[in-house]
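The structure under discussion appears below in the form of structure tokens.
Bear in mind the structure is a predicted one, so any value in this text is a computation, not a measurement. So you know, we letter chains A, B, ... as the sequences are listed, proteins then strands, and number each from 1.
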Amino acid sequence: MSSFPEATRRARSVGINLALGVAVGAIALGAHLGLTYAETRSTPEPAPSRFIGSEDEQWVAKAAWTYFEKNRLPTGLVSSAAGFPATTMWDVGSQLAGLTSARELGLVSKADFDAWMGEVLTSLQRIELYHGELPNKAYNAATLAPVGYGEVTIRRDTGFSALDLGRLVIWLNIVAARYPRHAEACKAVTARWQTARLAKDGHLMGVDAQKGKESWNQEGRLGYEQYAARALESIGVTAPDAVNPYAHSIEVSMYGVKVPVDARDMHDSVAHNYVTSEPYVLDGLETGFKSVPADFAGRVLLAQIHRTRATGNVTAWSEDNIDRAPWFIYNSIYVDGAAWNAITAHGKDASEFQGSSTKAALGWHVLFQTRDTEHAYRTMQWIADPKQGVFAGFYEKTQLPNRALTLNTNGIVLEALLYARVGMPLERWAHSNL
Amino acid sequence: MTQRSSIAAPAIVESSRSWAYVQEGKRDLRIDILRGIAVIVMCANHLTAHSYINAVTQGRIYVSAAEAFVFLSGLVLGGVSRGRLERDGWATARNALFSRAWLLYKTNLVLIALAVGLSFAHAGAGRPVFDQPPGTWWQILLAAPTFHLAPRIVDVLQLYVICIAGSPLLLWLLRRGLWVPPLVASWALWVFHQLHPYALSVHTIDRDHPFFVFASWQLLYVIAFIAGYHRAALQKAWARIPRALLLGVLVPIVVGSIVLCYRDGTLGTWPVRLDHRALWRTMTDRSALGPARLLTVAAFFPVAYMALHQLFRPVYRIFGAALLTLGQSSLYVYLVHVPLVVAWHAIPGLATANPIVTTLGQTIALLTLFLCTRYKILFGVIPR
């Protein structure tokens with residue numbers, strides 16, 4: 001039996017231990033609450049440092065490159081969706097991005113890269129232009145015949161897309177700057193384009209041709225519009241209204257975040273004003289937010305972070321193919337007056353298929369590197385088959401993978417990994433000695 | 001990886017008729033044997049290959065050799081430091097810890113310097129420590145001493161440096177009977193890291209995060225250090241717990257971890273739902289020492305310790321010489337294994353070679369490590 005002083009000493013020791021323990025715990029709780037508050041109140045800013053991947057990222061890169069290898073066609077072009085030999089100029093832009101990244105990440109030898117790139121550029125010089133002006137909206141990637149969206153057998157002249165051409169031009173410029181031996185071929189691709197109808201009154205313009213009837217309309221909404229307009233400036237297309245991100249932008253509050261939105265929507269024009277991750281991610285990776293302010297991108301990201309925290313659903317929304325009808329949807333952070341709305345290109349409800357995109361999750365993460373972007377990316381990084389490629393993403397309702405395999409997803413995944421490796425916007429990298 | 005003046009040559013319990021371990025002398029040979037097993041597992045896993053050895057040592061359970069090293073180091077240092085404190089006084093105990101941390105810090109820098117030199121000399125020559133030079137010379141010179149480089153294979157040393165450099169504070173608190181505050185602080189840090197991953201870690205220049213994040217991994221060390229300090233009292237308490245109850249709780253956790261790890265690793269698509277899978281990945285994350293991994297550690301080590309206790313004599317007879325030799329010089333073995341691993345990765349095609357070839361190669365490498373230790377090659381130069 002312990003003596004009274006010893007019992008007192010023990011009680012005192014236990015008391016001090018507990019008191020200090022509670023104090024330490026309280027400090028930790030305060031730090032947690034403070035950091036949580038800071039993380040959800042401030043707009044994310046692009047991270048200044050490189051994101052060097054681990055074996056996981058090598059695994060993802062190899063899987064993405066497998067898509068290219070398995071869907072390569074004799075023309076050098078890659079099918080925009082697995083086993084479906086069609087492509088668009090947007091997708092060709094993603095192909096150039098993927099090819100370049102694979103070369104730099106050591107997934108393809110220099111000789112193979114040069115041969116493949118040569119084939120692609122030759123094909124782009126050979127494709128039949130819409131009315132001799134500009135590349136058609138879609139092509140059969142195996143025969144180079146112009147076709148309509150979603151078909152490869154019937155020849156169709158369907159017009160041209162300024163947005164798609166803008167993405168292609170960015171990558172032609174990057175390839176030309178980085179690899180002098182391909183510079184001439186890159187220039188030859190755009191040299192034969194007649195660009196007069198790509199702009200009017202300061203706006204970007206596109207043509208939609210259906211059954212011989214042509215409509216020439218303003219094209220592009222906030223994000224996509226600036227991304228393409230800035231690129232097209234390099235081939236002499238002047239569209240000052242389109243380049244200006246403030247020309248038509250308004251702010252819409254979502255989870256307390258003022259998300260930049262294009263004021264022009266389906267109610268007063270013929271186009272949807274989708275807000276998706278895609279143009280912001282691509283602009284960040286390629287130009288370092290020279291087309292749209294990084295603050296706009298940060299707020300688009302922050303709204304998605306808030307939704308992830310509020311609903312428990314990882315949110316990295318973008319336009320994407322899906323592995324079932326209607327095959328392509330826009331997971332829109334905002335569109336036509338509604339927040340968090342998935343619709344088809346024709347404006348039909350597709351909320352049943354809404355979900356996040358692998359390319360968006362990875363893109364946001366390499367750009368911003370916050371714990372939320374890391375959580376989203378780590379959650380989705382395994383959605384791939386090393387024998388087929390990286391899948392598009394997952395469906396929110398079922399929490400099952402969206403197994404659509406596309407050139408766009410795999411090209412952007414590789415592009416994001418290249419950005420992570422070089423630690424700078426890819427336009428700048430292309431002109432550097434690194 | 002605690003300091004040893006020499007390799008113990010135990011007078012093992014020949015007199016005992018039981019297979020169980022009987023303590024003779026101060027040194028607990030069970031810990032040395034466990035550390036020897038951990039050394040072999042670590043080396044085999046770092047010699048990347050599809051081999052029959054790796055088939056057993058890698059990805060079979062949510063525990064790795066690193067957890068064993070960190071925990072056992074804390075346990076041993078806690079006990080040794082208390083003995084030193086009582087025998088030689090506070091200043092000696094404190095200085096011993098600081099000098100150990102300083103030794104590991106210098107060792108860390110030397111290893112990084114060698115790997116950087118290789119990576120600059122020839123592309124890929126520093127693999128797997130560095131795939132390429134991690135930056136320019138001046139960036140590396142600034143990053144290496146400040147833990148802004150976290151090279152593979154070598155990075156665990158940095159965790160040790162910080163843990164051991166912080167141990168005098170831990171010892172000072174324990175000396176005053178204050179074990180709850182450091183324990184709460186350690187758990188709080190771990191929880192904080194689970195909630196705010198990497199918020200407390202530096203941004204290294206060679207990868208996105210250090211792998212052995214201090215905020216999470218320190219928990220194993222701190223718990224073990226406190227346990228080592230109070231080892232006598234804990235052993236008494238441990239002995240009072242009915243073995244059947246203990247095994248009844250711990251063994252299902254270990255078995256469950258093996259089964260789930262098999263499903264996870266083999267199929268790669270379990271759990272099927274993305275939200276469930278994301279949660280499971282978080283729970284089993286090695287860098288963050290996620291909760292499921294921590295639970296597995298808490299169950300696996302006691303079960304392994306109890307199993308070894310019961311089977312000590314046959315284990316010692318068959319493997320004792322090798323395991324004790326390696327386990328009692330674990331820092332030396334760790335340091336020697338680094339160039340071996342680099343050499344392994346420099347041999348073209350070895351990592352993807354036939355399992356028979358890689359198994360043979362790994363066996364030769366492990367034998368080399370054993371012989372280097374057994375014959376004390378460069379013992380005067382390489383820290384132990």
Discussion item. Measuring only between side-chain heavy atoms, which start at C-beta, is A/Trp340 closer than 4.5 Å to A/Gln304?
Written reply: yes
Worksheet item: Do the side chains of A/Glu374 and B/Tyr198 get nearer than 4.5 Å, heavy atoms only?
Response: yes
Donor-acceptor contact present, side-chain [X] to main-chain [Y], <3.5 Å:
X: A/Ser13; Y: A/Arg9; result: no
X: A/Ser356; Y: A/Ala316; result: yes
X: A/Thr409; Y: A/Leu405; result: no
X: A/Arg178; Y: A/Trp429; result: yes
X: A/Thr40; Y: A/Tyr37; result: yes
X: B/His276; Y: B/Leu274; result: no
X: A/Asn402; Y: A/Ala392; result: no

Item to complete: Compute whether any side-chain donor of one residue and acceptor of the other, for B/Trp138 and B/Thr136, lie under 3.5 angstrom apart.
Response: yes
Practice prompt. Would you give the length of the straight line joining atom NE2 of B/His345 to atom NE2 of B/His46, rounded to the nearest 0.5 angstrom?
Written response: 9.5 Å
Item to complete: Can you check whether anything in residues 19-27 of chain A gets within less than 4.5 Å of chain B, heavy-atom wise, and list it by number?
Response: A/Leu20, A/Gly21, A/Val24, A/Gly25
Discussion item. Give the interface residues of residues 184-193 of chain B toward chain A, defined by a heavy-atom separation under 4.5 Å.
Written reply: B/Val184, B/Ala185, B/Ala188, B/Phe192
Worksheet item: By number, which residues in residues 212-229 of chain B have some heavy atom less than 4.5 Å away from chain A?
Response: none
Worksheet item: Under the side chain to side chain donor-acceptor pair (under 3.5 Å) test, which residues partner B/Ser64, sequence neighbours left out?
Response: B/Glu67, B/Arg286
Worksheet entry | B/Arg175 and B/Trp90: CA distance, side-chain angles, deciding distance, side chain to side chain contact (heavy atoms under 4.5 Å, CB included) verdict | CA-CA 9 Å; B/Arg175 185 185 169 207; B/Trp90 158 247; 3.4 Å; yes
